[in-house]
Number of protein chains: 2
Amino acid sequence: MTRSTDPVPRATMRDVAAQAGVSLKTVSRVVNEEPGVREVVVDRVRSVAAELGYRHHRGASDLRRRGQRTGAIGVLVQDVANDYSARLLRALEDATRARGLILLAASIDEDPDRERHLVGQMLARRVDALVLMATTPRQDYLLPDIRAGLGVVCVDRAPVGVEVDAVTIDNVGGSRAAVERLLDQGHRRVAFLGDLPNLATAHDRFAGFREALANRGAVPDPALVRHGLRTAEEARRAVEEMLTRSAPPTAIFAARNVLTTGCLLALHHDVGRSTPPAIAGFDDMAHLDLVGRPLLIVRQDVEEIGRTAARLLEERLLSPTRRARSVVLAPELVSYGDPGARRRAPATRPGRAGAAANR
Amino acid sequence: MTRSTDPVPRATMRDVAAQAGVSLKTVSRVVNEEPGVREVVVDRVRSVAAELGYRHHRGASDLRRRGQRTGAIGVLVQDVANDYSARLLRALEDATRARGLILLAASIDEDPDRERHLVGQMLARRVDALVLMATTPRQDYLLPDIRAGLGVVCVDRAPVGVEVDAVTIDNVGGSRAAVERLLDQGHRRVAFLGDLPNLATAHDRFAGFREALANRGAVPDPALVRHGLRTAEEARRAVEEMLTRSAPPTAIFAARNVLTTGCLLALHHDVGRSTPPAIAGFDDMAHLDLVGRPLLIVRQDVEEIGRTAARLLEERLLSPTRRARSVVLAPELVSYGDPGARRRAPATRPGRAGAAANR
DNA sequence: TTGAAAGCGGTACCAA
DNA sequence: TTGGTACCGCTTTCAA
């Protein structure tokens, strides 16, 4: 009596060979579409393979052809559920699809230990390359693997301690442009909401804010600057508190998209006030065109970042010894909810949009 | 002369063994934390491994311990950049983190051929299981692999042609509850916007719409029913067209979240009208609480779906011959932008929320 | 055009 | 407590 529920071991090339009456090597040739096998034999092997439900074992194959690549890429983002990370993952998928690569995805959650752990997991699987939105202060722990041929592209945050390819955006320029626009609109009391300034992106965005003010001969008002905000809720409370001041801000620059959400929440529940502050924010989000409020957004082209990272990776894998390149993309300024037409202008000088720089 | 740029081959267990003056097998024991190795030896091997930048080769290991699991899971969603898919991926990551699993992620894009291709890629990598948001009309192409021990959980869409575990939601009940709520509010001319009804979810959501009307002794007005809408833009045009009718709808039910966006776009550019139609939609999105318009949303608990899928997978891998189980989760109704308090009510009878049913 | 044998990096099994 | 040997599924090399 046969129990149909017993796991049936997978057919191997040996099984296919036996069933087809050829040698194992011939099956290998057929599976890998190598020339030099008679049509008749090819057909027979193919049909037997299908019949037995044969699946090529990529791991065994990669093991034998040592030095070849596994065709897998590790993508380590902050949080795969986050809009930015998810779109980056998708852009990488599209850009690598033609080469048949497969992506291992994982979330770092701003935890350096977790980053190293996940990197270890992926390297144990012998990924050809890593796309890394790093949280560790330095990435030199990757040096032995890079010497062994691992490709690495740092994304969103520049690498520290290693010379690897990178795709980042001009955070300083983007912030400066947004804040300058607010100043052009006549605002003088501009508030800043940002993350912990030991994070490079948060630091740069605050620097851009400061530069914009400095260009007008002004300095930040400490009462209107809040660092270390991590959630929309924290931003909401910060804004509500600011608005009760005797001299409330007339404009607010939120240096992360969740903080922009917090601003919107604060103003949403504060419907009575005569002139709500203008809001500018960093990083686009869904439905900002529907909130019924003018909004100035510094937008990154995430798809372009993904495409660029994939291109750098491809070049790197072709010539592992090439010098590291760093591409800095210029974000753009977008106006939402403008009573007039929708305006778009480059965040930095027009000529520099999309410029790449070697460091 | 040494070229420091030459790729240095990775250290293997053999290298570590030689350098540490022990046998390869001892290194294996240390790496796998097997007992029966003296502390001194463990320490020496560990330090040599670190020195040589040794990385365990999971593929080779899996190859030898045949029948064991690879610790990798393939996640095939419609589009990793889409909010729903991305959150599902994240929920799966969290639910499998404790077991140290790694996720291979890919987007199907509603393309059956692509689904089969990606499944092939992942099975070549010998994933232990697949989480599948299927687009193929039938999934019986997986039968040989399931017999070989592959775990499969279908998510969002019920499996066809195979008996595998599944996590879906009650699309009929969710839609019916939303439309009944509109009818309770006094609406009689309720429009329906949906995807192609040959998709199971689209079909079920229309069925729920019909049932809600039928419970009030009404039938859908063909002029107010639009199938086959795929994008927000298509929905926007459909709504704009409906609103120019002599008898426009007083309420609209959008059966997919992008279609809800389309409705909002249409109404946003139609600010003059005295009484805009009420809107209900299927699937939550970001910032719906900020659009300044009352909105009724059928919300799926994506995280719960992911947790459930992971649980079913774990059970399945523990007992591969267990009968397939199908868990149907009840969505909830959420009111946004309600002038009063935010209300939440179960979409179906309260007692059934989260109910699991064996088919 | 086809096949036999070695070996990729690691683990199982058994012997020392 | 440690090591030798076979071998996982496949590709490489070389011979037939």
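In what follows, chains are A, B, ... by sequence order, proteins preceding strands, each numbered from 1.
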Could you check which of [options] has an atom nearest any side-chain atom of [X]?
X       : options               : value
A:Asn32 : C:dA12, D:dG3, D:dT11 : D:dT11
A:Arg38 : D:dG9, C:dT1, D:dC14  : C:dT1
B:His56 : C:dT11, D:dC8, D:dT12 : C:dT11

Could a donor-acceptor pair under 3.5 angstrom be found where the side chain of [X] meets the base of [N]?
X       : N      : result
B:Lys25 : C:dA12 : yes
A:Arg10 : D:dG9  : no
A:Arg55 : D:dG9  : no

Under 4.0 Å from OP1 or OP2 of [N]: is there any side-chain N or O of [X] that close?
X       : N      : answer
B:Ser23 : D:dT2  : no
A:Ser61 : D:dT11 : yes
A:Thr26 : C:dT2  : no

Could you check how far [atom1] of [X] sits from [atom2] of [N], rounded to whole Å?
X        : N      : atom1 : atom2 : result
A:Leu123 : C:dG9  : CG    : P     : 16 Å
A:Leu24  : C:dG3  : CG    : P     : 10 Å
B:Met13  : D:dG4  : CE    : P     : 16 Å
A:Arg64  : C:dG9  : CZ    : C1'   : 11 Å
B:Arg14  : D:dG4  : CZ    : C1'   : 13 Å
B:Glu34  : C:dG10 : CD    : C1'   : 12 Å
A:Asp15  : D:dC8  : CG    : P     : 11 Å
A:Glu33  : D:dT11 : CD    : C1'   : 16 Å

For this session: Return the minimal non-hydrogen interatomic distance between B:Val164 and B:Ile146, and the atom names on each side.
Result: CG1-CD1, 3.5 Å

Exercise. A:Leu104 and A:Met122: which non-hydrogen atoms are nearest, and at how many Å?
Worked result: O-CE, 3.4 Å

Seminar exercise, completed: Contacts of B:Gly21 and B:Arg65 projected onto DNA chain D by closest heavy atom; the upstream (5') one is B:Gly21

For this session: By nearest nucleotide on DNA chain D, pick out whichever of A:Thr12 and A:Arg29 is the more 5' one.
Result: A:Thr12

Problem set entry | B:Tyr141 and B:Glu115: side chain donor to acceptor below 3.5 Å | yes

Exercise. Which part of the nucleic acid, if any, lies within reach of B:Val31 when heavy atoms closer than 4.0 Å are counted: base, sugar-phosphate only, or nothing?
Worked result: nothing

Exercise. Between B:Asp128 (side chain) and B:Gly71 (backbone), is there a donor-acceptor pair under 3.5 Å?
Worked result: yes

For this session: For the pair A:Arg10 (side chain) and B:Ala148 (backbone), establish whether a donor and an acceptor sit closer than 3.5 Å, ignoring hydrogens and angles.
Result: no

